[in-house]
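Everything numeric in this text was worked out from a predicted model, so none of it was measured. Throughout, a chain's letter reflects where its sequence line sits, starting with A, and its residues are numbered from 1.
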Amino acid sequence: MKNDQQPQNQQELLQLSERENMKKVRQSLPIYKYREELLTLIRDNRVIVMVGETGSGKTTQVPQYLHEVGYTKIGRIGCTQPRRVAAMSVAARVSEEMGTKLGHEVGYSIRFEDCTSDKTVIKYMTDGMLLRELMMEPDLASYQVMIVDEAHERTLHTDILLSIIKDLSRARDDLKVIISSATIDAQRFSEYFDNCPIIKIPGRRFQVDIYYTKAPESDYIQAAVLTVLQIHVTQPKGDILVFLTGQEEIEAAEEMLTARTRGLGNKIGELLICPIYSSLPSDMQAKIFEPTPAGARKVVLSTNIAETSITIDNIIYVIDTGFAKQTSYNPRTGMESLIVTPISKASADQRAGRAGRVAPGKCFRMYTKWSFLNELDQNTIPEIQRTNLGSVVLMLKSMGINNLVNFDFMDSPPPEMIVKSLEQLYALGAINDEGDLTKLGRRMAEFPLDPFLSKMLVQSEYYKCVDQIITVCAMLSVGNTIFYRPNDKEKKIHADNARKAFFRPGGDHLALLNVYNSWADNGFSQNWCFENFIQIRSMRRARDVREQLILLCERVEIDVKDPSLSIFEDEMNTNICKCICSGFFYNAAKTNLNGTYKTLKNGHSITIHPSSLMFDIKPEWIVYNELVFTSKEYVRNVIEVKGEWLIEIAPHLYKEKDLLGDKRKMPKNTGTSDSRN
DNA sequence: GAGCACTGC
């Protein structure tokens with residue numbers, strides 16, 4: 001502290017001019033002209049909708065204005081963001097503008113990282129983080145203002161927040177709520193919040209000219225590739241961003257572009273092809289941020305990641321194929337599908353906007369204007385209407401919100417989805433006949449996990465494998481991005497062999513446990529990951545999740561001490577499988593002996609995904625982590641179980657006569673994972 | 001014998 005106050009004239013002067021400069025920058029933002037109007041509106045209303053276009057400065061300035069006029073003397077100002085990086089970087093920017101140290105007056109709170117202190121009066125956070133806070137502080141008593149930013153994105157967490165905040169703002173007449181959204185939805189937000197006033201703040205964006213195809217394109221990848229080449233040959237300098245739906249398309253486009261430009265030699269300028277998608281290793285992702293050398297042109301082949309999550313500088317041309325992969329959830333079958341779907345108008349405009357960040361740009365849409373006007377939906381269906389609501393329902397119940405079918409959502413999820421979640425929670429024992437949370441359910445709600453996983457975790461104490469199950473939970477919750485499979489025939493074989501080497505009798509979960517433990521035994525080494533085709537980013541994330549789960553276990557009094565030393569490996573593996581079964585018995589299936597399986601719950605036909613280590617083994621009974629439709633109905637992350645376990649663990653679902661009654665008819669050679677080696 | 005968009009607690 002004292003050192004900071006030593007007079008260091010040169011540096012202080014520099015800082016002073018920096019502050020002056022900062023002030024000028026702040027005052028040049030479009031929102032500055034609206035400062036007084038905005039503050040008056042907030043003073044006179046509990047809730048307002050703020051339409052701030054990109055570049056208006058709303059996210060950084062509004063909390064500061066409110067701070068400057070004294071709101072923070074009473075309570076904190078919170079501002080939620082859908083993404084972690086946004087929460088961090090905006091907080092850093094604002095603390096710099098205020099001349100304070102990050103984490104002091106201005107801070108941020110995201111999962112695994114709380115950069116706030118007692119002094120913090122402006123707090124940026126992810127919307128999911130605020131939901132967790134709401135479980136502990138249901139009235140948000142420590143906040144005077146809550147800003148829900150990027151509300152138009154309608155993420156699952158944002159939608160739930162909106163409902164809870166609407167409810168809360170009626171009870172707390174001193175709380176100021178600001179819903180910040182893009183133009184399109186402003187009216188709907190206002191209606192939802194009892195016709196609250198709307199303030200519109202223009203942004204600062206360059207014009208983007210839109211071009212359509214004259215006729216529909218049958219092959220949008222090829223069309224996109226040809227457009228890239230055409231731009232490259234005929235248009236002035238500036239990088240190109242192409243939106244495709246996934247890794248496969250990106251690799252195809254990359255090959256086509258390479259082949260097409262190869263023959264042209266030095267007739268045309270160099271074209272740098274940069275793929276980007278989230279599961280691409282970070283060092284390869286970094287390529288898109290490298291400055292383009294003079295005389296060359298960069299073409300970024302991207303998934304939706306570049307629509308909101310990643311911003312690339314110097315993009316002048318956008319090529320929009322008009323499609324994206326989208327999940328949908330069928331509550332009847334409990335199946336998720338990931339399907340190539342036409343994007344919405346809002347999404348198309350967002351993509352086009354990526355061309356106008358640094359200069360006037362051009363957007364080439366690989367579909368007709370008629371199609372844009374008549375075939376695309378206005379907005380993407382909000383996530384809350386197309387996702388499994390298990391953890392949402394559990395969370396809301398733990399906040400005391402019981403009547404979910406009549407709960408005031410901005411867009412209600414289909415009732416059958418809520419019913420399905422309730423049915424699953426009931427089967428897990430998280431809620432009772434009246435639909436109230438049980439003691440088990442309350443413990444489960446503490447964990448930031450899917451209810452199936454949290455049930456398994458709570459049960460792990462009984463099966464004496466808490467530490468192992470924590471690891472399994474952590475590995476499953478980082479998704480399917482652990483094993484890296486390069487885009488090269490030779491390397492693919494090596495990667496697959498590396499993967500198979502992690503096999504342990506029992507199933508995929510045990511292999512995941514093995515991966516984690518091997519990594520830990522090798523000192524969490526980066527090199528080890530590289531040699532074994534493991535994505536270190538996912539592993540580090542799993543390690544973070546693990547640490548968080550350990551802390552949470554202590555809170556709900558689950559003993560994390562590792563008792564495994566007194567148990568033999570075989571016995572331990574059985575315990576682990578039984579424990580997984582105690583969480584996932586709902587996802588049980590029996591072999592049909594022709595390579596497919598039949599789910600016990602509804603007789604649905606499914607197949608083990610070829611990436612599963614159980615693909616070649618095909619045990620009689622399995623329990624799976626997830627069921628996803630891609631080209632077929634595949635289950636991923638599978639373990640072998642015994643019919644007897646299912647009857648023992650879930651007698652309310654499975655009866656002996658139904659499961660084992662026809663066992664005598666089954667041939668004996670259905671193989672078990674133990675016979676593999 | 002297949003292929004997985006993107007977030008987030």
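Between A:Asp544 and A:Arg111, none of the side-chain N atoms (NZ, or NE/NH1/NH2) sits under 4.0 Å from a carboxylate O, so this pair counts as no salt bridge. Between A:Asp283 and A:Arg537 there is no salt bridge, since no side-chain N of the basic residue sits under 4.0 Å from a carboxylate O of the acidic one. Electrostatic pairing of A:Arg365 and A:Glu217 does not count as a salt bridge here, judged by no charged N lying under 4.0 Å from a carboxylate O. Contact check on A:Arg354 versus A:Glu307 returns no salt bridge, with no Lys/Arg side-chain nitrogen under 4.0 Å from an Asp/Glu carboxylate oxygen.
Comparing B:dC6, B:dC4, B:dC9 by their nearest atom to the side chain of A:Arg111 picks out B:dC9. The side chain of A:Tyr277 has B:dC6 as its nearest neighbour among B:dC6, B:dA2, B:dG8. In this structure, the nucleotide among B:dG8, B:dC4, B:dG1 sitting nearest to the side chain of A:Ser611 is B:dC4. Residue A:Phe615 has its side chain nearest to B:dG1 when only B:dG1, B:dC9, B:dA5 are considered. When each of B:dA5, B:dC4, B:dG1 is scored by its nearest atom to the side-chain atoms of A:Thr303, the top-ranked nucleotide is B:dA5. Set against B:dA5, B:dC9, B:dC6, the side chain of A:His157 has B:dC9 as its closest nucleotide.
Rounding to whole angstrom units, CE of residue A:Met395 and C1' of B:dC9 are separated by 6 Å. To the nearest angstrom, P of B:dA2 lies 13 Å from CG of A:Asp616. As rounded to whole Å, 12 Å separates atom C1' of B:dC6 from atom CZ of A:Arg351. The distance from atom CG of A:Leu134 to atom C1' of B:dG8 is 15 Å, rounded to the nearest whole Å. The nearest whole Å value for the distance from the CD1 atom in A:Ile160 to the C1' atom in B:dT7 is 13 Å. Atom-to-atom, CD of A:Glu383 to C1' of B:dC9 comes out at 13 Å; the value is rounded to the nearest Å. To the nearest angstrom, P of B:dC6 lies 22 Å from CD1 of A:Ile384. Remark: P of B:dC4 and CG of A:Leu476 are 19 Å apart, rounded to the nearest angstrom.
Mapping A:Leu449 and A:Leu338 onto DNA chain B by nearest heavy atom places A:Leu338 at the nucleotide closer to the 5' end. Nearest-nucleotide mapping onto DNA chain B: of A:Pro448 and A:Gln247, the residue sitting toward the 5' end is A:Gln247.
A:Ile305 comes within 4.0 angstrom of the backbone, heavy atoms only, and of no base. When heavy atoms are screened at a 4.0 angstrom cut-off, A:Glu153 is found touching no nucleic acid atom at all. Within 4.0 Å of A:Phe447, counting heavy atoms only, lies no atom of the nucleic acid at all. Across all strands, A:Leu156 comes closer than 4.0 Å to no nucleic acid atom at all (heavy-atom distances). Within 4.0 Å (heavy atoms only), A:Arg83 reaches sugar-phosphate atoms of the nucleic acid but no base atom.
Considering only side-chain N and O atoms, A:Thr155 lies nowhere under 4.0 angstrom from the phosphate OP1 or OP2 of B:dT7. Between A:Arg84 and B:dC9 there is a side-chain polar atom (N or O) within less than 4.0 angstrom of OP1 or OP2. Between A:Thr308 and B:dT7, a side-chain N or O to OP1/OP2 separation shorter than 4.0 Å is absent.
Taking the centre and axis of the six-membered ring of A:Phe615, the NZ or CZ atom of A:Lys618 falls inside the cone set by 45° and 6.0 Å.
If you look at A:Phe483 and A:Phe533, their ring centroids are not closer than 6.0 Å.
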